[in-house]
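Input: a single structure, listed below in structure tokens.
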Amino acid sequence: MNSDFKSFFLICIIILTVLAFFCLIRTIKGPKLADRIVGTNMIGTMTIAIIALLAVYLNESSIIDICVIYAVMSFVAVIVLTKIYIGIYNEKKDEQKNAGKEDEQSEY
């Protein structure tokens with residue numbers, strides 16, 4: 001592979017690493033749980049892209065298998081986090097409904 005292509009892939013890997021770091025900051029800061037889930041998903045997506053670029057850079061096709069496995073794991077992790085988020089959201093909504101009903105009953 002030409003050295004120009006190798007330097008291009010290396011620059012792309014570095015840029016994606018910096019962007020993944022910014023997503024990590026967004027994941028930690030929040031402010032909402034949905035922002036954290038999207039940040040986690042973006043980190044996973046960028047990691048998959050970094051692994052794919054690394055496979056081309058090193059000319060190793062076996063690394064693509066790792067990339068596919070990581071993609072499946074990232075997908076499952078985001079689905080689990082979303083299910084947890086929906087459960088928490090529904091619990092809070094039910095608590096608000098119950099608190100509203102108790103307030104109405106105490107007025108009478």
Side-chain angles (χ1 to χ4, degrees):
M1 183 181 290
N2 193 350
S3 68
D4 291 336
F5 286 121
K6 284 197 173 226
S7 61
F8 173 73
F9 284 118
L10 191 60
I11 290 170
C12 288
I13 290 170
I14 291 169
I15 290 171
L16 283 171
T17 304
V18 170
L19 291 174
F21 179 73
F22 288 138
C23 287
L24 178 66
I25 292 171
R26 174 50 58 194
T27 301
I28 293 171
K29 284 180 74 172
K32 295 182 180 180
L33 188 60
D35 295 330
R36 291 184 173 108
I37 292 172
V38 171
T40 303
N41 190 22
M42 285 300 298
I43 291 170
T45 303
M46 287 185 194
T47 303
I48 293 165
I50 289 169
I51 293 171
L53 286 171
L54 193 62
V56 174
Y57 180 76
L58 297 175
N59 200 17
E60 290 286 332
S61 61
S62 60
I63 297 177
I64 297 296
D65 296 335
I66 296 169
C67 186
V68 171
I69 292 169
Y70 190 82
V72 171
M73 287 175 28
S74 177
F75 174 73
V76 170
V78 169
I79 294 296
V80 168
L81 287 173
T82 304
K83 289 292 262 181
I84 291 170
Y85 174 70
I86 289 171
I88 291 171
Y89 175 77
N90 287 335
E91 284 179 11
K92 285 183 181 179
K93 198 161 99 175
D94 290 341
E95 286 176 6
Q96 288 175 351
K97 281 183 182 179
N98 291 338
K101 287 180 183 178
E102 288 175 3
D103 289 340
E104 288 176 6
Q105 290 176 354
S106 65
E107 290 179 4
Y108 295 114

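Please read these numbers as outputs of a predicted model, since none were measured by experiment. Every heavy atom of this structure was used, including side-chain atoms; hydrogens, water molecules and symmetry mates were not.
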Next on the checklist: Closer than 3.5 angstrom, by distance alone: can the side chain of Ser74 be matched with the main-chain N or O of Tyr70 as a donor-acceptor pair?
Outcome noted: no
Checklist entry - Closest heavy-atom contact between Met42 and Cys23? => result CB-SG, 3.7 Å
Next on the checklist: Return the CD1 to OG distance between Ile14 and Ser7, rounded to the nearest 0.5 Å.
Outcome noted: 10.0 Å
Checklist entry - Do Met46 and Met73 sit in the same hydrophobic cluster, where Ile, Leu, Val, Met, Phe, Trp and Tyr count as joined when their side-chain heavy atoms come under 4.5 Å apart? => result no
Checklist entry - Should Ile86 and Val38 be counted in the same cluster of Ile, Leu, Val, Met, Phe, Trp and Tyr side chains packed under 4.5 Å apart? => result no
Checklist entry - Of all heavy-atom pairs between Asp35 and Arg26, which one has the smallest distance, and what is that distance? => result CB-CD, 4.4 Å
Item to check | Co-membership, hydrophobic cluster, residues Ile48 and Ile69, 4.5 Å side-chain | outcome: no
Got a list of side-chain donor-acceptor pairs under 3.5 Å for residues 51-61, not counting sequence neighbours?
none

Checklist entry - What residues, two or more places apart in sequence or in another chain, satisfy side-chain contact (heavy atoms from CB on, under 4.5 Å) together with Ile25? => result Phe21, Phe22, Lys29
Checklist outcome for this item: To the nearest 0.5 Å, atom CD1 of Ile50 lies from atom CZ of Phe9 at 14.0 Å
Checklist entry - CG/Leu24 to OG1/Thr40 distance, rounded to the nearest 0.5 angstrom? => result 9.0 Å
Checklist entry - In terms of hydrophobic clustering (I, L, V, M, F, W, Y; side-chain heavy atoms under 4.5 Å; direct or indirect links), are Val68 and Ile63 co-clustered? => result no
Checklist entry - What about Ile43 and Ile37, same hydrophobic cluster or not, with Ile/Leu/Val/Met/Phe/Trp/Tyr joined at side-chain heavy-atom distances under 4.5 Å? => result no
